[in-house]
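As the structure is a prediction and not an experimental result, all values here were calculated from the model. When a residue number appears, it is its place in the shown sequence, counting from 1. Indexing begins at 1, ligand by ligand and atom by atom, following the structure's order.
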Amino acid sequence: MAAIRGSTFALMTTHVRLLPDEVTNKIAAGEVVDRPASVAKELMENALDAGATQIDLAVTAGGRKLVSVADNGSGMGRDDALLCVERHATSKIASADDIETIRTMGFRGEALAAISAVSLFSMKTCADDAVGGTELVIAGGKLQDVRELGWPRGTSVDVRNLFFNVPARRKFLRAAQTELAHVRQLFAVFAIGHPDVGFSLAVDGREACRLPGHATLEDRLCELFGADYPQSLRPVDFRQSDVRISGYVGLPNVSRTDRSEQYIFINRRPATAPLLMNAIKEGYRSVLPPDRHPCVFLFLEVPPPLVDVNVHPTKREVRFRRPGPMRDAVVEAIRRALSPAGSAPADAGPPVAGAGERATFRPVATNVSLDLLDLPALRAFHYPRMPMAPGAGAARPHAHPDAEAAPPAAPAGPWAWCRVLGQIGGLYVVLETEDGYVLMDPHAAHERVLFEKVMRDLPNDAAKSQGLLMPETVKVSPKAAQRLRKSLDVLRAMGFGVSEFGTDTFLVDALPAHLAFASGISVLLDVANALEQAGGRGASAEAIQEKVAQAACKAAVKARDKLTLQEIEQLVVDLANTEMPYTCPHGRPTIIFTSFRELNKKFGRE
Ligand code: ADP
Ligand code: MG
């Protein structure tokens, strides 16, 4: 036994060896680069770290044949150029402590070594103060050539035939189209993260996108997503102790089925963390249904010691030293941005106190020509509208002529001005606004209006309650009855008059005043079901109230007859004054907006 163990030991000691750099680089390369997009990422990060103001990315065959990044940054002299392709060669940190305060994108000194180990790599570079430039050619980690050449300040790196010498890896590359999609997504991340920098993208030799530098984030988003896009965004500007959160969050009408339009940057570095995903979900609770994901463009400024970016070689996933407060800050930043008072211009004074004061609706019938259309419903309304960003109030190109008359501290609204054109399909309400038209689902809109009224009454002890002419009894399932029994206090605080009336049976003799037009039975049944589905433990009183209000408003609206014209008009006014006019409390859209600009495009007028 001892002999065997001894011989194994001997076998191991005599076989341990240090791997040649060529092999370790190949192994390490797998951690840093796995596809053309990750090559593009590393090269663009280096360009940014070098202070470039213009970065040109080009790919051929989705990057399988070529990924090329050219920048006008600081460049390198000959010695640095030769050193930078060695493993752990970096100019960005000198000691482990520096990682704590890292401000650059890179610091591991791995990327160029890794990339040049698994591709045909060439780099042309010239430093600020150098007389001439340097060209470096490396094939599969072996230096082939170094020569001098004339080159402007900056660096250009070409990476051809990625993984040509690692067939196992090359096999995992996907079709050119798929790889290209990853490259495009990455390009968007960089472009959004750095509006000050000019970017271009060429695909298979043709320019696919050119974004001028010195842009604002808003400009950049317009360039990437279309000129109308910012109308669906709300600015974020939030500070809490040493954390700052800025950027934009999307209204529910531009939400997605996946997270592809969530751009998050921590200290300018694209980053994700499960904590942030959770915080975003929470920020949109009661505004978006669980299967929808909002579009967000969030920039977090966090003191570097409080965030650990060294979790993974690709540096995308981060950890926070103080996760709780960080999460709360993100939730609060989003909530404030989505609530109109929170995102009012900074100079607009304190947020308006009562909801009633916000309704600055007044008819301006003189502005509408009624000659051509003989619709009884033609009316013009005048609403204030929230500017896109603090201080952007002047940018209102299509504003109604009377818009200037609106009070300066104008709160949010989906339109500055609108007129009701009528109803189509026996349901949808059509509105013209100052820059397009709106289709409104009156049921969803009504739910939203009622929901906010009910929720707004809650903090007042005297949540208004209205007695029913005929008290009604409701029998529910044993489970629902149990939930209902536990929630009686919450319900009473909300204005429901409910009491137990025998086995699993309850008596309703009052409803919250805003819902008093509905049937007590159907409202209570739906509330009981909602409570049962919500489950018991863990839910905060606020979350329960929200659930109850959602169910109650839905039940109340369901029972409504067709709305009269006057009711529709009132609904349009009420909806415009809600905090979140774009979705019903369950997250379904209330309005679909189409801009004249979009129409012009479709009709080929632009
Ligand atoms: P890291 O970025 O982590 O330092 P890299 O392998 O990506 O590691 O780059 C190594 C070094 O090469 C960098 O620290 C930098 O000094 C230099 N370098 C790389 N790319 C460029 C560039 N585009 N312009 C100027 N210097 C660069
Ligand atoms: Mg780097």
Regarding [X] and [Y], is there a side-chain donor-to-acceptor distance under 3.5 Å anywhere?
X    : Y    : answer
D56  : Q54  : yes
S595 : D228 : yes
N72  : T53  : yes

Considering the heavy atoms of A111, write down every atom of ligand 1 situated less than 4.0 Å from one of them.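 Going through ligand 1 atom by atom, the ones under 4.0 Å from A111 are 6 (O), 7 (O).
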Return each pair, listed once, that meets salt bridge (Lys or Arg N to Asp or Glu O under 4.0 Å) where at least one residue sits in residues 160-178; pairs must be two or more places apart or across chains.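 For residues 160-178, and leaving out neighbouring residues, the salt bridge (Lys or Arg N to Asp or Glu O under 4.0 Å) pairs sorted by first residue read D158-R160.
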Is ligand 1 under 4.0 Å from a heavy atom in the side chain of [X], in the backbone, in both, or in neither?
X    : value
D71  : side chain
L112 : both
E45  : neither

Would you call R335 and E282 a salt bridge, taking side-chain N to carboxylate O under 4.0 Å as the test?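 A salt bridge is present here (some side-chain N lies under 4.0 Å from a carboxylate O).
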Does E110 reach ligand 1, in the sense of a heavy atom lying below 4.0 Å from it? yes
4.0 Å heavy-atom contact, G73 with ligand 1: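 It does not, in that no heavy atom of G73 comes within the 4.0 Å cut-off of ligand 1.
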Results of side chain to side chain donor-acceptor pair (under 3.5 Å) for S246 - residues two or more places apart only: none
What about E42: any of its N or O atoms under 3.5 Å from an N or O on ligand 1? no
Consider every N or O of M76 and every N or O of ligand 1, then say whether any pair is closer than 3.5 Å.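 No; the residue has no nitrogen or oxygen that sits under 3.5 Å from a nitrogen or oxygen of the ligand.
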NZ (K281) with more than 12 external heavy atoms under 6.0 Å: yes
Pick, from A81, A50, S74, the option with the minimum heavy-atom distance to atom 24 (N) of ligand 1. A50
